[in-house]
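Single-structure report; data block below.
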Amino acid sequence: MILEYIRYRIPENDAAEFEAACARAAEPLSRSPFCLDFELSRCVEESGHYILRIRWESLDKHLKDFRASEEFRAFFTEIRPYVDAIEEMRHYTPTEVTGIGAGTPRPPSLYEWAGGREAFERLFHRFYEIVGTDELLAPMFADMIAEHPHHVALWLGEVFGGPAEYTAHHGGYENMLGHHIGRAITPQQRRRWVDLLNDAADDVGLPADPEFRSAFLSYIEWGTRIAMENSQSDATPVPHAPVPHWGWGMTPPYQP
């Protein structure tokens with residue numbers, strides 16, 4: 001990814017037409033498969049100064065592929081009258097110095113929305129109570145240690161944006177993977193696990209809003225299908241990976 005900055009100095013009486021020309025040029029620019037995004041900004045202190053920022057897939061994609069395209073010809077037709085007004089036109093590559101300020105609105109994590117550590121502890125305490133009476137799943141967990149519900153609560157809490165305690169104290173992804181190797185989980189067992197966890201979520205009063213439950217179930221479906229695949233005798237699972245992190249996806253938290 002590469003950033004192009006084009007700095008213009010535009011006389012006040014030409015500003016309206018310049019912005020209109022850039023708006024027309026935006027149409028072919030937005031059609032280019034080599035352009036990621038762009039924006040035109042106007043200086044507050046000196047209104048005749050503009051910056052056009054364009055994010056390209058790569059330097060070659062801009063200088064070679066885009067400039068050989070029909071989209072470039074249409075783009076340049078609109079901005080050609082303002083070439084002499086360019087004061088700088090350079091490409092930049094981002095550094096590792098980046099961040100998000102405290103003033104940027106941030107939705108709560110799924111962990112926070114659910115109620116934090118106590119909510120996940122309640123969830124898995126109740127879940128394994130139900131599992132213990134289920135004829136399909138009880139045999140799978142007959143040798144479960146007493147701390148198992150707590151460990152799974154830490155795993156899911158970390159996945160949903162909580163503290164990275166499972167990684168720090170319980171072996172992270174590699175340890176969780178080891179619990180599934182050779183288990184030969186069946187599709188019926190996987191589906192029952194999902195269904196009972198949903199029942200437990202209802203029982204302990206996890207948030208029932210559609211946004212949270214869709215994100216919650218999205219991970220549960222994904223995670224249990226991965227676990228089932230990794231449990232088969234012919235599986236070749238990824239041996240090392242971070243604990244996955246799951247967010248809201250397409251359904252951000254509901255704001256009344």
Side-chain angles (χ1 to χ4, degrees), residues 1-113 160-161 207 209-216 218-219 222 244-256:
M1 188 269 288
I2 207 82
L3 290 168
E4 180 186 19
Y5 284 93
I6 309 172
R7 303 178 190 273
Y8 294 90
R9 184 191 293 267
I10 304 294
E12 184 66 33
N13 60 335
D14 292 335
E17 178 49 38
F18 171 71
E19 291 187 22
C22 288
R24 294 191 296 271
E27 184 176 343
L29 191 59
S30 65
R31 294 199 305 267
S32 172
F34 315 115
C35 173
L36 303 180
D37 57 43
F38 56 88
E39 67 179 5
L40 177 69
S41 300
R42 188 175 189 177
C43 182
V44 174
E45 292 82 6
E46 298 182 61
S47 60
H49 290 257
Y50 286 85
I51 296 177
L52 176 61
R53 179 196 59 78
I54 308 175
R55 194 160 61 106
W56 300 99
E57 184 178 340
S58 70
L59 189 61
D60 280 350
K61 293 295 185 182
H62 173 214
L63 297 181
K64 295 180 180 179
D65 297 334
F66 175 69
R67 290 193 176 179
S69 69
E70 180 61 36
E71 287 82 8
F72 170 74
R73 289 186 284 275
F75 170 79
F76 192 65
T77 295
E78 300 296 344
I79 65 168
R80 185 194 301 270
Y82 304 98
V83 169
D84 290 341
I86 294 174
E87 294 186 325
E88 177 192 1
M89 184 167 59
R90 288 191 174 97
H91 294 89
Y92 296 82
T93 184
T95 70
E96 294 183 1
V97 181
T98 185
I100 299 174
T104 299
R106 182 188 68 87
S109 67
L110 294 170
Y111 178 81
E112 292 166 333
W113 191 269
F160 285 162
D209 55 281
E211 293 81 7
F212 173 78
R213 285 302 181 95
S214 64
F216 178 83
S218 172
Y219 170 73
W222 180 84
H245 290 163
W246 215 258
W248 292 93
M250 297 302 292
T251 55
Y254 171 70
Q255 300 295 330

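Side-chain atoms are counted along with the backbone in the values below, which use heavy atoms only and exclude waters and symmetry mates. Remember, predicted model here, so these are calculated numbers, not experimental data.
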Any heavy-atom pair between the side chains of T251 and P210 that's under 4.5 Å? no
Of all residues at least two apart in sequence or in a different chain, which pass the salt bridge (charged side-chain N to carboxylate O under 4.0 Å, His left out) check with E57? none
Please report the interatomic distance OG(S58) to CG(L63), rounded to the nearest 0.5 Å. 8.5 Å
If you take all heavy atoms of G247 and A215, which pair is closest and at what distance? O-CB, 3.8 Å
In terms of relative ring orientation, are Y219 and W222 parallel, tilted or perpendicular, with 30° and 60° separating the classes? tilted
For F76 and I79: C-alpha separation, side-chain torsions, deciding distance, then whether side-chain contact (heavy atoms from CB on, under 4.5 Å) applies. CA-CA 5 Å; F76 192 65; I79 65 168; 4.0 Å; yes
Using a 6.0 Å cut-off, check whether atom CD of E27 has over 12 heavy atoms from anything other than its own residue. no
Quick check: closest heavy atoms across R213 and P207, and the distance to 0.1 Å? NE-O, 2.8 Å
Can you sort out the partners of D14 under side-chain contact (heavy atoms from CB on, under 4.5 Å), two or more places apart, ordered by chain and number? I10, P11
Can you list the residues that meet the side-chain contact (heavy atoms from CB on, under 4.5 Å) rule with S218, with sequence neighbours excluded? W246
State which residues pass side-chain contact (heavy atoms from CB on, under 4.5 Å) with I2; sequence neighbours excluded, sorted by chain then number. W56, H91, T93
State the CD-CG distance between E39 and L52, to the nearest 0.5 angstrom. 9.0 Å
For E12, give me all partners under salt bridge (charged side-chain N to carboxylate O under 4.0 Å, His left out), at least two apart in sequence or on another chain. R42
ring-ring contact (aromatic ring centres under 6.0 Å, His included) contacts in which one or both residues fall within residues 16-43, not counting sequence neighbours: Y8-F18, F18-Y50, F18-Y82
To the nearest 0.5 Å, how far apart are CE in M89 and CD1 in I54? 9.5 Å
With sequence neighbours excluded, tell me which residues meet side-chain contact (heavy atoms from CB on, under 4.5 Å) with T77. none
For residues 95-107, tabulate all N or O donor-acceptor pairs below 3.5 Å that involve a side-chain atom, not counting sequence neighbours.
unit_1: T95; atom_1: OG1; unit_2: V97; atom_2: N; d: 3.2

Restricting to salt bridge (charged side-chain N to carboxylate O under 4.0 Å, His left out), what partner residues turn up for D37, sequence neighbours left out? R53, R55
Who pairs with E87 by side-chain hydrogen bond (donor to acceptor under 3.5 Å, both in side chains), at least two apart in sequence or on another chain? R9
When you measure from the side chain of R67 to the backbone of H62, do you find a donor-acceptor pair of N or O atoms at a distance under 3.5 Å? no
Does E78 have any salt bridge (charged side-chain N to carboxylate O under 4.0 Å, His left out) partners at least two apart in sequence or in another chain, and if so, which? R24
Restricting to side-chain hydrogen bond (donor to acceptor under 3.5 Å, both in side chains), what partner residues turn up for S30, sequence neighbours left out? none
May I ask you to test the S109-F160 pair for a side-chain heavy-atom distance under 4.5 Å? no
